[in-house]
Structures are given as C-alpha cells and as structure tokens.
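Each remark here refers to the structure printed beneath this line.
Just so it is clear, the values below take in all heavy atoms, side chains as well, and ignore hydrogens, waters and symmetry mates. Note that the structure is predicted; figures quoted are calculated from it, not measured.
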Amino acid sequence: MVLKATVFKADLSISDMTRNYYHDHTVTLARHPSETNERMMVRLLVWALHAHEALTFGDKIGGADEPDLWQRDLTGAINLWIDLGQPDEKQVRKACGRAKQVFVYPYAGHAQSVWWNQVKDSLEKLRNLSVVCLPADAPAALAKLAQRTMKLQCTIQDHTAWLSDGSETVQVEFATLMRLPR
C-alpha cells in the first residue's frame, strides 16, 4: 500500500524588513510520509525568507534533480535553487551550474558543521552559492507550530526571523557560512 502525502495549508503574513517585502500568501505544503514536521516547517520558514510569487516547492523526494524550493523565470531558466540539509557536493555543484543563485540551509545541529568541514574547500569556489545555517534547536521549535491549517506571521530582520501563530513565537537566528558576492 502506497502512503500519500499529507496536505498542510498556511496563511502566511510576511514582513521582511531586510528586503522591504510585505505580503500575505497562502502556501500549500505536501508532507511526504517520510518527512518530519521539523523538516516541513524548515521548508516553510525558508520559503518565507525568499518569498516571491514564482517561488515553488520542488519534488525533492520524488525527483532527485529538483531542489526543495526553486524559482524560475518566464523562459524556464532557474533564478533560485534552494536545498535544505546537507546535500551531496556534486548536487550543489550541479545546482550552481543550472541556477543563477543557489542557497543551502543545513539545519541538523552538529551534523551541519561536520558536513560543512567536509565540503567547504571545494564549495567556497562557487560564486553563486550561499550557505546559511539554522540553529540546532530551530527545527523542533518550528515543528510545535505545525497544524494542518496554519495562520502564521513571519517577521524577518537582518539575520533573524520570528515565526508566530498568535500564541507562540519561534525566533530563529541564522549563521551565514558563505554569502553570495554583492
């Protein structure tokens, strides 16, 4: 018997003071049976960080050639490729060859520093890559906000995001390991 994805809906109000982006979005997330609430909520937070009407969720589990999130232009060219976790170095290189900008968000505590120490020498040469870490406790804290139907506010300023459901607020401070050149 094949298990189906569970559908989550989020009404997301974003106030991104860093980008001067203030919009409300309705976001639909399909959580694969093998995905945890922690990973799904990290996907939602990262979506909010890069929010744009053309930003969509990829079929990462079903399609190895797709990112967790991506944004294409009207010609189909990939403007933005976003992977979560600790992707294989070859995958990151391939993504950098296909997209204008690539972001990787490792989020698994100590595992992210081990991963970064293994790949940083070769990835630091990629000019269109940014690597931004979430604190180890962020996924579990974000998972507490997970509901099948969510009404969330996300405030972003500098390297910090606050995600709130009205009764509980999760603060996430990001550590940038590698940034796109300006």
*Run the numbers on Y107 and L45 for side-chain contact (heavy atoms from CB on, under 4.5 Å), then give the verdict.*
CA-CA 12 Å; Y107 64 89; L45 175 64; over 6 Å; no

*Go through the steps for L69 and Y105 under the test side-chain contact (heavy atoms from CB on, under 4.5 Å), then give the verdict.*
CA-CA 11 Å; L69 299 144; Y105 285 88; over 6 Å; no

_Assess the residue pair K144 and D165 against the criterion (salt bridge (Lys or Arg N to Asp or Glu O under 4.0 Å)); give the C-alpha distance rounded to whole Å, side-chain angles, the decisive distance to 0.1 Å, and a yes or no._
CA-CA 10 Å; K144 292 178 184 177; D165 64 2; over 6 Å; no

*List the steps and the verdict of side-chain contact (heavy atoms from CB on, under 4.5 Å) for L177 and K120.*
CA-CA 9 Å; L177 299 178; K120 74 176 178 181; over 6 Å; no

*Does the side-chain contact (heavy atoms from CB on, under 4.5 Å) test come out yes or no for L163 and L145, once each step is laid out?*
CA-CA 9 Å; L163 193 63; L145 300 176; 4.0 Å; yes

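Residues meeting the salt bridge (Lys or Arg N to Asp or Glu O under 4.0 Å) test with R19, sequence neighbours left out: D16. When the side-chain contact (heavy atoms from CB on, under 4.5 Å) test is applied to E38, the partners found at least two apart in sequence or on another chain are T36, P139, A143.
Atoms CG and NZ, from D88 and K94 in turn, are 11.0 Å apart once rounded to the nearest 0.5 Å. Rounding to the nearest 0.5 Å places CD of Q71 at 6.0 Å from CG of L55. Atoms SG and CZ, from C96 and R127 in turn, are 11.5 Å apart once rounded to the nearest 0.5 Å. C133 SG to E173 CD: the interatomic distance, rounded to the nearest 0.5 Å, is 13.5 Å. Note that CG of L29 is 6.0 Å distant from CE of M150, once rounded to the nearest 0.5 Å. Distance check: R31 CZ to L44 CG gives 13.0 Å after rounding to the nearest 0.5 Å.
At least one side-chain heavy atom of N37 sits less than 4.5 Å from a side-chain heavy atom of F8. F174 has its side chain within reach of L49: a pair of non-hydrogen atoms, C-beta onward, lies under 4.5 Å apart. Counting only heavy atoms from C-beta outward, the side chains of M40 and T6 never approach each other to under 4.5 Å. By the 4.5 Å heavy-atom criterion applied to side chains, H50 and L80 are counted as neighbours.
Formation of a donor-acceptor pair under 3.5 Å by the W70 side chain with backbone atoms of G58 is not found in this model. A donor-acceptor pair under 3.5 Å is formed between the side chain of R148 and the backbone N or O of V7. In this structure a side-chain-to-backbone donor-acceptor pair under 3.5 Å is missing from W162 to Q153. Listed for the N128 side chain is no donor-acceptor partner under 3.5 Å among the backbone atoms of V102. For T176 (side chain) and V132 (main-chain N/O), no donor-acceptor pair under 3.5 Å exists by modelled atom type. Side chain of Q86 to backbone of V114: no donor-acceptor contact under 3.5 angstrom is found. Side-chain atoms of H32 come within 3.5 Å of backbone N or O of S34 as a donor-acceptor pair. Under the 3.5 Å distance criterion, the side-chain polar atoms of D68 are left unmatched by any main-chain donor or acceptor of R43.
Between I14 and A48, the shortest heavy-atom distance links the atoms CD1-CA, 3.9 Å. A pairwise comparison of heavy atoms in H52 and W47 identifies O-CZ2, 4.0 Å as the closest pair. Minimum interatomic distance between D83 and P67 (heavy atoms only, all atoms of both residues): OD1-CA, 3.4 Å. For D65 against W81, the heavy-atom pair with the smallest separation is O-CH2, 3.2 Å. Smallest separation of non-hydrogen atoms from L123 and M178: O-CE, 3.1 Å. When every heavy atom of V27 is checked against every heavy atom of L12, the shortest pair comes out as CG2-CD2, 4.4 Å.
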